[in-house]
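Worksheet for the structure shown next.
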Amino acid sequence: MKIDARNFKGTRDYLPNEMILRNQMIEKIRRSFEVFGFVPLETPALEYLDVLTGKYGEEGDKLIYRLNYKGGSVAGMKYDLTVPLARVMTQHNDIVLPFKRYQIQPVWRADRPQVRQGRFREFYQCDADIVGVKSVLADTEIIALIHNILSQLEIGQFLIRINHRKILSGIRESLGLKEAMEIDLCRGIDKLDKIGIDGVKEELGRLGFTDPVMDNLFQLLSLEGSHTEVFKQLKDTLTKSETGLQGIDELKNIFESLEIMNIPMEALKIDLHLARGLDYYTGTIYESSSIDLPHIGSLTGGGRYDRLIGSFGSKDLPAVGTTIGLDRIATVLTQLGKMADKNSVTQILVTIFDETMIHQSMKIASSLRKHGFKTELYYEPVKLKKQFSYADKQKIPFVIVLGPDETAKGQVTLKDLTVGKQQQLDSGTLISYLEDRLSE
RNA sequence: GGGAUAUUAGCUCAGUUGGUUAGAGUACUGGAUUGUGGUUCCAGGGGUCGAGGGUUCGAACCCCUCAUGUCCCCCCA
C-alpha cells in the first residue's frame with residue numbers, strides 16, 4: 001500500500017536553501033546573546049502537563065499539545081521556553097543569580113496555521129531571559145538586545161512597541177473599573193487598531209462598559225507625541241492610581257536608559273494598546289513587528305514576569321525576557337525576497353577527467369580541504385559537461401579540471417564560473433590564489 | 001473554534017455547453033557537442049485529474065460525502 005507522504009499540518013521541512021539562511025540567522029542571534037553575556041540552556045520537548053497548564057491563560061492552555069501516555073494525558077509538548085525556564089529555576093536553587101540564559105529550540109502550539117502570517121504549529125523560539133533582577137535595568141537590556149538582533153538580521157524597518165501592565169491597571173483604576181474587568185479592557189484596547197473605535201465601543205458596551213467610561217478611555221489611548229510628552233500627559237491623567245504612576249516611572253526610566261545606550265528612539269513606541277494574552281506578565285511588556293510587512297504578526301515578544309517562578313511553590317524570583325521569533329523573521333526575509341537561492345555551500349568542485357585521473361583529483365581535493373576550502377569531489381568519471389552542469393546548478397563558483405594536458409605540466413585548470421574564465425596553475429599558486437579569492 | 005476558497009505531471013498552471021488516447025511552460029534524462037556550465041535546437045520519460053460514492057451512453061468538468069492545502073477572523077512567535 002502506498003503511504004501518502006505529507007507533512008503534519010503546520011509543520012515544515014527546511015530544505016537546504018532555507019537551512020543555509022536559518023543557520024546564518026541563528027549564528028547571528030547566538031552571537032548577540034553571548035555578546036550580552038547570556039549562557040545557553042536546553043530543555044526537553046516534553047513536560048508533565050501540570051508544569052505547562054495554568055500559566056498561559058485559557059486560550060493558551062487550549063493550544064498545548066497533549067500526549068496520550070500510558071492511557072492518560074499526563075504529558076504535553078512545550079508551548080514556550082519561559083515556563084520550562086521557570087521550572088528549571090525552581091529545581092536548581094544553586095544557580096548563581098542573576099541568571100542570564102538563552103535558549104534556541106522549537107515549541108509546539110495546536111493552532112490553525114497561516115503561512116503568510118508566519119504562523120505554524122512547530123516553530124523556533126530564541127529566548128533570552130534575566131532571572132533574579134528587580135531593577136528595570138534588566139528590562140532595558142532586554143530591549144537593547146532585541147534592537148541589536150533585529151538590526152543585524154536585515155529585515156528592514158521594524159518597531160518595538162512597549163507597554164506596562166501597571167499602566168494598564170492604572171488606566172483601569174482611573175476609569176473606576178474593578179480588577180475583574182481588566183482582561184476585557186485589555187482585549188478591547190488590543191483590538192482598537194483592527195476594528196476601530198466604533199467596533200471596540202460596541203464590544204465593550206456589550207460587556208457592560210458605560211459611554212462616559214469609554215470616552216475617557218479613548219481619550220487616554222489617543223495620546224500622541226514624543227515619549228516625554230506621552231509620559232507627562234499620562235502622569236497627569238493617572239494621578240489617582242499609584243500602580244499606574246509606578247508603571248509610568250519604570251517606563252520613563254527605561255526609555256531614558258535606552259537613549260543613553262544609543263538605541264534610536266524612532267524604533268521604539270509606547271503603545272498603550274499593547275496588552276499581550278499570556279497571563280504571567282506582571283510589568284513591562286513588549287512586542288515588535290515589521291513596518292513593511294505588518295500582516296506578519298509579532299517578530300519578538302516578551303516582558304516581565306515576577307510571579308511565574310514562584311507559582312511552582314517556592315519563593316518568587318523576579319524575571320524578564322524576550323523571545324525572538326525565528327520563523328516569523330525568516331518569513332519576513334522570504335517575503336522580502338532575501339531567501340538564499342543556493343542549495344550548496346561548496347566553493348570548489350574537483351572534477352574527474354577519467355578513470356586514470358581519479359587518484360590525482362582526490363589528492364587535490366584533500367589538499368584543498370586541508371586548507372579549509374569547502375570542496376566537493378565529483379564521484380563518477382562522466383563527461384565534463386555533466387560535471388560542469390552540476391557545478392552550475394549548485395552555484396559552485398570554482399571548478400578544477402585535471403586531465404592529461406595539466407598532468408604533463410604538473411598543473412591544474414581552475415575555472416571561475418562566475419566570470420567564465422579559466423587558467424592553469426601549479427598546486428602552490430592554486431592555494432594562494434584561492435585563499436585570496438575566497439577569503440571573507 | 002467560526003467563515004471563505006481551492007486540489008489536474010516534481011513545480012507553476014491551461015483544459016470550451018459533459019464527447020476519442022488530458023495539454024503547455026518549467027524541471028529532469030539523452031542527443032546535436034568524446035576536454036568545459038549558463039543560450040539554442042531535437043528527442044524521451046513522467047498522470048488513479050485529492051479520495052470515495054452518485055447522475056449519464058459517456059465525467060477532470062455536474063451532485064453528495066470525506067481528506068488535505070491556502071486565506072480571513074480569533075490569538076500569538
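Just so it is clear: chains get the letters A, B, ... in the order the sequence lines come, proteins before strands, and each one is counted from 1.
- Using cut-offs of 30° and 60° on the angle between ring planes, the pair A/Phe158 and A/His147 is tilted.
- Between A/Ser290 and A/Asp292, the side chains place no donor N or O within less than 3.5 Å of an acceptor N or O (distance only, hydrogens not considered).
- Between A/Val419 and A/Gly302, the residue anchored nearer the 5' end of RNA chain B, judged by the nucleotide with its closest heavy atom, is A/Val419.
- Between the side chain of A/Arg109 and the base of B/C76, no donor-acceptor pair under 3.5 Å is found.
- Pairing for B/C75 is absent, judged as Watson-Crick or G-U wobble with the two contacts each under 3.5 Å.
- Searching all strands for a Watson-Crick or G-U wobble partner of B/U21 with both distances below 3.5 Å returns nothing.
- Using cut-offs of 30° and 60° for the angle between ring planes, the A/Phe33 and A/Phe38 rings count as tilted.
- Of the C1' atoms belonging to B/C11 and B/C64, the separation is 32 Å, rounded to the nearest Å.
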For this session: Dump the intermediate steps for side chain to side chain donor-acceptor pair (under 3.5 Å) on A/Asn23 and A/Glu27, then the final yes or no.
Result: CA-CA 6 Å; A/Asn23 281 344; A/Glu27 210 30 65; over 6 Å; no
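- For the pair A/Gln117 and B/C72, the criterion of a side-chain N or O lying under 4.0 Å from OP1 or OP2 is met.
- With a 4.5 Å cut-off on side-chain heavy atoms, A/Asp61 and A/Glu58 do not count as touching.
- In this structure, A/Lys9 atom NZ and B/C71 atom C1' are separated by 12 Å, rounded to whole Å.
- If you check every strand for non-hydrogen atoms under 4.0 Å, A/Thr351 touches nothing.
- A distance of about 9 Å separates the P atoms of B/U26 and B/C41, rounded to the whole Å.
- Counting atom types as modelled, A/Lys415 pairs a side-chain N or O with a base atom of B/U36 as donor and acceptor under 3.5 Å.
- Remark: B/U5 base-pairs with B/G69; criterion is Watson-Crick or G-U wobble with both hydrogen-bond distances under 3.5 Å.
- Across all strands shown, B/A27 forms no Watson-Crick or G-U wobble pair with both distances under 3.5 Å.
- Between A/Tyr305 and A/Tyr281, the two ring planes are perpendicular [angle over 60°; tilted spans 30° to 60°].
- Note: OH (A/Tyr79) to P (B/C75) measures 12 Å, nearest angstrom.
- B/G2 atom C1' lies 13 Å from atom CD of A/Glu59, rounded to whole Å.
- No donor-acceptor contact under 3.5 Å links the side chain of A/Gln422 to the base of B/G35.
- B/A60 and B/G19 are spaced 10 Å apart, taking the P atom of each and rounding to whole Å.
- Taking a pair to require two hydrogen-bonding distances under 3.5 Å in either a Watson-Crick or a G-U wobble arrangement, B/G52 pairs with B/C64.
- Rounding to whole angstrom units, CZ of residue A/Arg116 and P of B/G69 are separated by 19 Å.
- Contact annotation for A/Asp80: no contact, since no heavy-atom pair falls under 4.0 Å across all strands.
- B/G37: no Watson-Crick or G-U partner with both key distances under 3.5 Å is found in any strand.
- Annotation: B/G52 and B/A67 have their P atoms spaced 15 Å apart (nearest Å).
- In this entry the distance linking CG of A/Asn7 with C1' of B/G50 reads 16 Å, nearest Å.
- A close approach under 4.0 Å does occur between a side-chain nitrogen or oxygen of A/Lys383 and OP1 or OP2 of B/G31.
- Remark: P of B/U36 and NZ of A/Lys393 are 16 Å apart, rounded to the nearest angstrom.
- For the C1' atoms, the distance from B/A9 to B/A14 is 13 Å, rounded to whole Å.
- As rounded to whole Å, 11 Å separates atom P of B/G69 from atom CZ of A/Arg112.
- Nucleotide B/U70 holds its P atom 9 Å from the CZ atom of A/Phe120, rounded to whole Å.
- In this model, no side-chain donor or acceptor of A/Gln114 finds a partner on the base of B/U70 within 3.5 Å.
- A close approach under 4.0 Å does not occur between any side-chain nitrogen or oxygen of A/Lys385 and OP1 or OP2 of B/U34.
- Of the residues near RNA chain B, A/Glu287 and A/Leu417, the one whose nearest nucleotide (by heavy atom distance) lies more toward the 5' end is A/Leu417.
- Under the Watson-Crick or G-U wobble criterion, with both distances below 3.5 Å, B/G46 is left unpaired in every strand shown.
- Under the 30°/60° scheme for interplanar angles, the aromatic rings of A/Phe398 and A/Tyr433 are found to stand perpendicular.
- Minimum atom distance to the side chain of A/Val401 is reached by B/G35, of the listed B/C75, B/G35, B/C76.
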